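Each chain gets a letter, A, B and so on, in the order the sequences are listed, and its residues count up from 1. What you are looking at is a predicted structure, and each value in this text was computed from that prediction instead of being measured.
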Amino acid sequence: MNTSVKLAGVTFKNPVTTASGTFGSGIEYSEYFDLSRLGAVTTKGVSNVAWAGNPTPRVAETYGGMLNAIGLQNPGMNVFINRDIPFLRKYDTKIIVNVVGKTTEDYCEVVERLADCDVDLLEINISCPNVKEGGIAFGQDPKCVEAITAQLKKRAKQPIIMKLSPNVTDITEMARAAEAAGADALSLINTLTGMKIDINRRAFLLANKTGGLSGPAIKPIAVRMVYQVANAVQIPIIGMGGIMNAEDALEFIMAGASMVAVGTANFINPNATATVIEGIEEYMKNHNIPDINELIGCVK
Amino acid sequence: MNTSVKLAGVTFKNPVTTASGTFGSGIEYSEYFDLSRLGAVTTKGVSNVAWAGNPTPRVAETYGGMLNAIGLQNPGMNVFINRDIPFLRKYDTKIIVNVVGKTTEDYCEVVERLADCDVDLLEINISCPNVKEGGIAFGQDPKCVEAITAQLKKRAKQPIIMKLSPNVTDITEMARAAEAAGADALSLINTLTGMKIDINRRAFLLANKTGGLSGPAIKPIAVRMVYQVANAVQIPIIGMGGIMNAEDALEFIMAGASMVAVGTANFINPNATATVIEGIEEYMKNHNIPDINELIGCVK
Amino acid sequence: MASADKKRVLITENTEIAQGVFSMWIDAGNMAQSAKPGQFVSLFCNDKSYLLPRPISICEVDRDNLRLRLVYRVVGNGTKEFSKLIKNNTVEVMGPLGNGFTLEEGKKAILIGGGIGIPPMLELSKQLNCEKHIVLGYRDITFLNKEFETYGKVYVATEDGSVGTKGNVLNAILANSLTADIIYACGPTPMLSGIKEFALKNGVKAQLSLEERMACGIGACLGCVCKTKETDHHSNVNNKRICKDGPVFYASEVEL
Amino acid sequence: MASADKKRVLITENTEIAQGVFSMWIDAGNMAQSAKPGQFVSLFCNDKSYLLPRPISICEVDRDNLRLRLVYRVVGNGTKEFSKLIKNNTVEVMGPLGNGFTLEEGKKAILIGGGIGIPPMLELSKQLNCEKHIVLGYRDITFLNKEFETYGKVYVATEDGSVGTKGNVLNAILANSLTADIIYACGPTPMLSGIKEFALKNGVKAQLSLEERMACGIGACLGCVCKTKETDHHSNVNNKRICKDGPVFYASEVEL
Ligand SMILES: Cc1cc2nc3c(=O)[nH]c(=O)nc-3n(C[C@H](O)[C@H](O)[C@H](O)COP(=O)(O)OP(=O)(O)OC[C@H]3O[C@@H](n4cnc5c(N)ncnc54)[C@H](O)[C@@H]3O)c2cc1C
Ligand SMILES: Cc1cc2nc3c(=O)[nH]c(=O)nc-3n(C[C@H](O)[C@H](O)[C@H](O)COP(=O)(O)OP(=O)(O)OC[C@H]3O[C@@H](n4cnc5c(N)ncnc54)[C@H](O)[C@@H]3O)c2cc1C
Ligand SMILES: Cc1cc2nc3c(=O)[nH]c(=O)nc-3n(C[C@H](O)[C@H](O)[C@H](O)COP(=O)(O)O)c2cc1C
Ligand SMILES: Cc1cc2nc3c(=O)[nH]c(=O)nc-3n(C[C@H](O)[C@H](O)[C@H](O)COP(=O)(O)O)c2cc1C
Ligand code: FES
Ligand code: FES
């Protein structure tokens, strides 16, 4: 039984990674299971300098989901490169580094700095709804998507994955723009912008007013978008949004994702990724699927 | 204690109506509670001629929500006008008629025919994701929104409410376009396009492949959009999307909705609307709010 | 005012009667008073991440004790939750819903149940006052068949031939040369299509209980329609609502 | 390998000890072995429409029977669900989480609990070996105060003055002229700010247990940070994670 997949020239032992920002750099979760079981670890968005993020409360629960407005707090690329990459390299798993910035120059700086680091792929977050500058602003207009992709592609030594926002009228436009500019793969979806009001305090629950909605509540939207994009571009897709178990992951794979990322589910069960991997293997066994690649995009 | 609200010149005894398509014309639910308790009944989308809708399965459950692809089945305006309006008029409640069409001419025909009927407002559905022609196509481009609003405004004798789609990059653009063309009010949100795959049959769960996601799963997105639109236009808003109880309804009202519509919740509890009305009254009593209008848009 | 009601009721029994098939008795109060064979109830999950009602047929009505019996197979998350409930737990239920079978008294009848379509035939076989042949089709493991024996002659078909006729319910009818004036049937759509064809060929009337995914369960959402031959009075198109106008239809009315 | 674990555990007791305040004992297995005062556990709802863990402090550790005690107030949907669980029901729990109080033995201590910040002080007062003054603040209805009496002198403050000093915990400290080398405190943020100020003014060290909305509970999501005076080693900004680096911090480390 083969569970390994190839994406942008890199081979992964299985199609399961972590969704950026929900797994830190893996240090905390390494206490719960062996990170070597993962196809890849995708790390929290990293910027050129340290970012302090948003004021608290930063998270809120919603029906079947959650809102977050972390605001991309991160220690900056230097600490990340010196501390987190060596930590992750101890495990037999691929490293996908999620990159954020406020300006095109910021993104370029991180990508250039990572060029000579021992990481496997870069995931460019142009879809964070929780920062005032940068983030989503790059991801809601095909021209911007194309421009930043082209800039980064020129500088990157690793394959680049553009991470798309679902807060758009037509996600295939953004996907095509990224593809046209040379993106090696696409990640989707990031969170949907949402809001929660505390009716007793008559105030927003999050200090940032709005946050990104994630978790199983958004899965149907995410599966739809993966399906649409898979049928619009040739480059491979990492699918995510509400994956709680192997059944959810298989929906994404059948819709056209070559890999899947588990996000919010990690907060509910620190073993969520491992459970997903095991469940996929069980499904393949029960359904006599010798190769996971047969399932990718099998529902048309 | 005053729970009555005024919207587009019409006074409603309370701010609670039904979300179009989830309540038929009220006939079935009238067996469960007295429709006169409602601020208004909003009826299922009606077109110039009868529509057969989509093949089945038309509905699917999702985590904290559901998908539907009814495809706007309806008996056509003549049966609706002769049968359903007289039925509803027996109750002491306002009537909001949801109007659908495949072409601008279709919409115009229904609006013209309704001009002389005894109904209070028209809600124009330019946001249904489940029909090939018409529906959402009118609602994703501000120019189209403006054009159709202007056409209908010319012909309508009742105030018109434009019902907006959440499947857009910036809903305030659509809201402004509708306002500019003379819309009297806005309804939001319609459903988000979603998909579910049956991994055992390796097939789409819905015959239509995609469907509209509704229910509590989408509430944070809906509240955010109501807040954004309330701060972008002057015309009043009917807020909806995942309202299950009075707390949910109050979130919409505090975000800026003058009225709220209860949709999917009716399927889970046929008394849902009545429960929401009672819960709002209880909240007002407990918090010493003499007039519901104080709460509209009170969270900034 | 409500013809049907949603309420939380007590479970008085919930036992596995065959592998993955459970029999639940609920204290249904006035729901039990009006319940008719072929009607169904909507069961709701306690875990509110599963929102929609699960339609389950009424298998038996115990009017004396105001109880209803539901027999269901565990197929997904909802039925899995139900299967874990125990005596004195509660469950939210709405019903009775839909129109049941029309009891055509005195006519010679064949009652056909296929798989998890078997339960509603039990109350029907109890209430129907006529000569009855009862044909039950299973994949392999049988259930409820002994209970039917009180009410008529029972014929079993199993796909693997382990019990009764090998094959489906039609094979059992043919093998036993059963004839009738009227057929009552509930089961998977392919079975019902076969029965419809059989009934047509033999000039027999047939009442079929259909299944479709539902949302409201009471006729408001138009989620659960089936195609009809004639334009339907309510919908003004060739669609009837299974939850409200059915689930039982005459074979001649519907297209399968 | 896990320092903490998520598992489904048995509830051996769950009783209302004051209006809306419940005391739950769980069979926690090895969680009880390592649990320290000031640590907390994540409780998960059985209704999976509520996804996130509810952080609840460890109120008592019964190492002999491998049980943990949690005392919680019903404030929302999750705690409401917990309050309805009965003996022999189960609940999913992860822990122990965070760093508890640092036991500074031999120093004269004031232990301060405010409202639902009182429970963690109970295990601390049991384990802490020194002269102890225990100050408990309530709005009106008191709870747990009797249980503290075994471990030290208890001073109560109530906002309405119905029991003990009228006012808050600081009023009680002043009214009783309490002094100490170290303060341990848990309660609402305004109370902790007040204590921080009091400690600073009096040159007393203080360990404060903070609260914030959490998602992961283990330090991965950066949801639950508090502002720190110095750049934090892990985050490289002036933020520490309450769930992982706390919930207990020295007053001098954090900005409230
Ligand atoms: C009128 C009617 C009567 C029925 N009577 C019985 C009965 O007596 N015993 C019995 O075991 N089953 C019966 N069924 C089928 C039963 O409704 C489904 O097996 C059940 O809803 C599955 O729920 P789940 O949560 O376990 O499955 P899931 O697949 O997790 O359910 C997901 C959603 O799909 C719906 N769904 C899944 N399968 C079906 C189905 N076959 N028909 C309709 N909706 C479905 C569920 O209601 C739910 O909304 C009946 C169906 C209908 C329409
Ligand atoms: C370290 C720590 C220890 C705690 N110890 C206790 C304790 O021993 N006893 C006790 O009664 N309470 C304690 N709390 C507060 C407790 O976590 C909340 O009261 C509880 O989460 C509310 O859940 P709910 O579902 O009832 O409320 P809801 O409002 O329905 O919860 C919605 C979401 O908000 C979160 N939330 C709501 N209020 C709080 C809060 N005050 N702090 C953190 N998250 C919150 C919930 O966890 C959930 O994710 C503690 C909090 C923290 C951070
Ligand atoms: C707490 C939190 C932090 C996140 N941080 C990032 C981030 O730094 N970069 C990024 O691209 N996406 C970030 N995301 C988005 C996730 O990677 C993912 O796209 C989204 O949550 C949907 O997946 P899920 O529903 O499985 O969580 C974050 C999500 C959460 C919940
Ligand atoms: C079964 C179903 C049918 C619907 N039909 C219509 C319709 O005919 N016209 C319309 O404007 N919206 C229709 N909607 C959208 C609802 O009116 C509402 O905008 C949406 O469901 C969000 O609200 P909710 O989450 O409370 O259901 C339909 C929704 C559902 C679930
Ligand atoms: S389920 Fe709504 S009409 Fe039948
Ligand atoms: S809750 Fe995730 S870091 Fe504390």
Side-chain angles (χ1 to χ4, degrees), chain A residues 18 21-34 44 49-80 83 200 205-207 211 214-217 242 244 263-272, chain D residues 1-8 42-55 75-78 92-95 97-98 189 210-228 231-245 254-256:
Chain A
T18 56
T22 66
F23 206 75
S25 289
I27 298 162
E28 294 79 18
Y29 285 98
S30 71
E31 293 182 25
Y32 291 87
F33 71 98
D34 181 0
K44 170 79 186 164
V49 295
W51 286 7
N54 289 324
T56 57
R58 289 179 171 185
V59 293
E61 188 180 62
T62 68
Y63 205 111
M66 64 173 283
L67 292 168
N68 90 79
I70 307 297
L72 294 173
Q73 178 185 326
N74 79 87
M77 62 186 179
N78 289 329
V79 169
F80 174 79
R83 179 185 64 191
N200 290 314
L205 215 115
L206 296 174
S214 64
M244 296 290 281
T264 302
N266 294 306
F267 306 156
I268 289 100
N269 175 9
N271 282 305
Chain D
M1 100 183 311
S3 60
D5 228 3
K6 185 184 177 193
K7 59 182 176 184
R8 190 167 273 285
S42 280
L43 281 192
F44 292 82
C45 297
N46 289 319
D47 180 341
K48 294 302 177 203
S49 62
Y50 307 114
L51 286 171
L52 296 182
R54 269 63 183 165
V75 297
N77 294 315
E92 279 182 305
V93 57
M94 194 163 122
L97 300 173
T189 309
L210 308 190
E211 202 179 280
E212 188 49 80
R213 299 204 170 228
M214 298 183 174
C216 71
I218 64 170
C221 75
L222 308 181
C224 67
V225 297
C226 62
K227 287 264 150 258
T228 54
T231 299
D232 173 57
H233 160 78
H234 173 84
S235 68
N236 200 24
V237 291
N238 292 34
N239 281 343
K240 272 189 186 290
R241 297 161 300 175
I242 292 179
C243 67
K244 180 81 177 177
D245 308 314
V254 292
E255 314 217 318
L256 291 178

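Under a 4.0 Å N-O distance rule, the pair Lys48(D)/Glu92(D) qualifies as a salt bridge. The pair Glu31(A)-Lys244(D) counts as a salt bridge, with a side-chain nitrogen and a carboxylate oxygen less than 4.0 angstrom apart.
Proximity to chain D (any heavy atom under 4.5 Å) is shown, for Asn271(A), by neither the backbone nor the side chain. With a 4.5 Å cut-off on non-hydrogen atoms, Tyr63(A) touches chain D through its backbone and its side chain both. If you measure heavy-atom distances from Phe44(D) to chain A, the contacts under 4.5 Å come from the side chain alone. Only the backbone of Thr62(A) has a heavy atom closer than 4.5 Å to any heavy atom of chain D.
Heavy-atom pairs under 4.5 Å with chain D were tallied for Pro270(A), Pro75(A), Pro57(A), Gly24(A); the largest tally goes to Pro75(A). Considering only heavy-atom pairs separated by less than 4.5 Å from chain D, the leading option among Ala52(A), Ser25(A), Gly53(A), Ala60(A) is Ala52(A).
By the salt bridge (Lys or Arg N to Asp or Glu O under 4.0 Å) test, Arg54(D) pairs with Glu61(A), sequence neighbours left out.
Using modelled atom types, one side-chain atom of Ser235(D) and one backbone atom of Val237(D) make a donor-acceptor pair closer than 3.5 Å.
Counted by atom type alone, Lys227(D) and Asn239(D) present one or more donor-acceptor pairs between their side chains at under 3.5 Å.
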